[in-house]
Amino acid sequence: QVQLVESGGGLVQAGGSLRLSCAPSERTFSSYFMAWFRQAPGKEREFVVGIRSSNSRTYYSDSVKGRFTISRDNAKSTVYLQMTTLKAEDTAVYYCAARSGSLVYTDTSSYDYWGQGTQVAVSS
């Protein structure tokens with residue numbers, strides 16, 4: 001079973017920063033569209049940010065634009081999420097996801113592979 005493995009979550013004070021990483025366990029995802037989703041307690045999983053494989057064009061939700069930055073290293077098949085100026089409302093489990101192709105989709109059903117999630121907690 002192919003898996004995406006996330007790391008880098010933790011507890012941070014409001015205004016702080018964290019960097020998440022996502023790497024596949026078995027195969028290369030260099031040609032896949034990669035995204036980060038998050039799910040807060042009692043809420044649905046939501047799209048946060050995505051990045052194309054071909055030109056690394058990025059797509060951000062309004063709630064994180066200007067604070068979060070996604071990047072990818074295709075040689076390592078690794079995707080990073082740099083989170084700055086964190087707020088209490090950023091507290092959630094963050095999931096890495098991959099889908100074949102280059103189109104942007106924000107719904108969870110469009111993604112083929114998922115990580116197990118990493119907890120991010122921001123204290124106010």
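The residues of the chain are indexed from 1 along the displayed sequence.
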Test salt bridge (Lys or Arg N to Asp or Glu O under 4.0 Å) applied to Asp107 - qualifying residues, sequence neighbours left out: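 Counting only residues at least two positions away or on another chain, Asp107 forms no salt bridge (Lys or Arg N to Asp or Glu O under 4.0 Å).
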
Those residues that, when tested against Glu46, pass salt bridge (Lys or Arg N to Asp or Glu O under 4.0 Å) (two or more places apart):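 Partners of Glu46 under the salt bridge (Lys or Arg N to Asp or Glu O under 4.0 Å) test: Arg38.
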
Do [X] and [Y] make a side-chain contact, defined as non-hydrogen atoms from C-beta onward lying under 4.5 Å apart?
{"X": "Ser100", "Y": "Asp112", "value": "yes"}
{"X": "Leu81", "Y": "Val79", "value": "no"}
{"X": "Arg72", "Y": "Ser53", "value": "yes"}
{"X": "Met83", "Y": "Leu20", "value": "yes"}
{"X": "Tyr94", "Y": "Val120", "value": "yes"}

Distance, nearest 0.5 Å, that separates CG of Leu4 from OG of Ser77: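 Spacing of CG (Leu4) from OG (Ser77) equals 10.0 Å.
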
Spacing of OG belonging to Ser56 relative to CG belonging to Asn74, to within rounding of 0.5 Å: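 Going from the OG atom of Ser56 to the CG atom of Asn74 covers 6.0 Å.
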
Contact summary for [X] and [Y], nearest pair of heavy atoms:
{"X": "Gly115", "Y": "Tyr95", "result": "O-CD2, 3.6 Å"}
{"X": "Ala23", "Y": "Thr78", "result": "CB-OG1, 3.9 Å"}
{"X": "Cys96", "Y": "Met34", "result": "SG-CE, 3.8 Å"}

Excluding sequence neighbours, so at least two apart, what forms side chain to side chain contact (heavy atoms under 4.5 Å, CB included) with [X]?
{"X": "Gln82", "result": "Ser17, Arg19, Thr69, Thr84"}
{"X": "Ser61", "result": "Ser63, Val64"}
{"X": "Ala35", "result": "Phe33, Phe37, Phe47, Tyr111"}

Steps toward side-chain contact (heavy atoms from CB on, under 4.5 Å) verdict (Cys22, Trp36): CA-CA 9 Å; Cys22 170; Trp36 289 93; 3.6 Å; yes

Pairs where residues 47-79 contributes a residue and the test disulfide bond (SG atoms under 2.5 Å apart) is met, not counting sequence neighbours: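 Not a single pair qualifies under disulfide bond (SG atoms under 2.5 Å apart).
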
Pair Lys65-Asp62, salt bridge (charged side-chain N to carboxylate O under 4.0 Å, His left out): steps then yes or no: CA-CA 5 Å; Lys65 198 172 296 183; Asp62 289 341; 3.3 Å; yes

side-chain contact (heavy atoms from CB on, under 4.5 Å) between Thr118 and Ser7, intermediate numbers included: CA-CA 6 Å; Thr118 185; Ser7 60; over 6 Å; no

Exam field: side chain Glu6 to backbone Gln116, donor-acceptor pair closer than 3.5 Å: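 At least one qualifying donor-acceptor pair exists.
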
Sidechain-backbone polar pair: Gln13 side chain, Ser124 backbone, donor-acceptor under 3.5 Å: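 Looks like no, no N/O pair under 3.5 Å.
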
Option passing side-chain contact (heavy atoms from CB on, under 4.5 Å) with Ile70 (candidates Tyr60, Tyr80, Tyr59):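 Running side-chain contact (heavy atoms from CB on, under 4.5 Å) over Tyr60, Tyr80, Tyr59 with Ile70 returns exactly one hit, Tyr60.
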
Test: Arg99 cationic atom under 6.0 Å from Tyr113 six-membered ring centre, within 45° of axis: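 No; the conditions do not both hold, so Arg99 does not lie above the ring face of Tyr113.
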
Intermediate values then yes/no, side-chain contact (heavy atoms from CB on, under 4.5 Å), Val122 and Glu89: CA-CA 8 Å; Val122 184; Glu89 51 263 43; over 6 Å; no

